Trainee: 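My questions will all concern the structure given below.
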Amino acid sequence: MTPDLAAVRARGERFDIVLANVPWVISTGAVYTYRDAAVGGEEMSRIATRAAANALAPGGVAIVLGSWDATGDRRTATPRAWLEGLDVE
């Protein structure tokens, strides 16, 4: 099943578990670009992470496999920043 999580949220549906495997991967090389993405950079992973969090029922769990430039402090800081302003832990 591949629901549009934004549409799910608009209908007021919530889920106990949300799984997402974002099909965009970071390419190799000196400049980080994403293959086959309709949006640039890490944006698809950010969109999927926020959509998954917004589709959760209270106490629910989301697991998102995404890609981003994880060098230095960005390893954990980037996904945490994607969740800012949302009611999630």
Side-chain angles (χ1 to χ4, degrees):
M1 185 166 115
T2 57
D4 176 346
L5 290 176
V8 167
R9 172 95 173 152
R11 290 191 304 263
E13 295 181 67
R14 299 291 182 272
F15 300 91
D16 294 326
I17 300 172
V18 175
L19 304 173
N21 182 2
V22 182
W24 287 271
V25 294
I26 197 166
S27 68
T28 59
V31 178
Y32 295 113
T33 60
Y34 287 73
R35 297 185 351 226
D36 306 323
V39 295
E42 304 162 349
E43 187 64 9
M44 192 66 232
S45 292
R46 186 193 70 79
I47 289 168
T49 300
R50 290 188 64 84
N54 278 321
L56 288 175
V61 174
I63 300 171
V64 179
L65 177 60
S67 297
W68 68 95
D69 170 14
T71 57
D73 67 346
R74 291 178 46 87
R75 182 175 183 188
T76 57
T78 297
R80 286 188 180 131
W82 293 341
L83 297 172
E84 285 179 7
L86 301 178
D87 187 21
V88 296
E89 295 178 20

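All of these numbers come straight from a predicted model, not from anything done at the bench.
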Trainee: For N54 versus L86, what's the shortest heavy-atom pair and its separation?
Mentor: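 N54 and L86 have their closest heavy atoms at OD1-CD2, 3.5 Å.
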Trainee: Given 3.5 Å as the limit, does a donor-acceptor pair link the side chain of R50 with the main chain of W82, or not?
Mentor: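 Yes, R50 side chain to W82 backbone: donor-acceptor pair under 3.5 Å.
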Trainee: Counting only heavy atoms not in R74 (residues, nucleotides, ligands), do more than 12 fall under 6.0 Å from its CZ?
Mentor: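 Check passes, neighbour count above 12.
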Trainee: Are M44 and V64 joined in one hydrophobic group, where the rule is that I, L, V, M, F, W and Y side chains link up if heavy atoms are under 4.5 Å apart?
Mentor: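 Both belong to a single hydrophobic cluster.
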Trainee: Determine, using the 4.5 Å side-chain heavy-atom cutoff (strictly less than), whether L65 and I63 are members of one ILVMFWY cluster.
Mentor: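 L65 and I63: separate clusters.
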Trainee: So which atom in S45 and which in G66 form the shortest heavy-atom distance, rounded to 0.1 Å?
Mentor: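 That closest heavy-atom pairing would be OG-CA, 3.5 Å.
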Trainee: What is the distance from atom OG1 of T78 to atom CG of D73, rounded to the nearest 0.5 Å?
Mentor: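 The distance works out to 7.5 Å.
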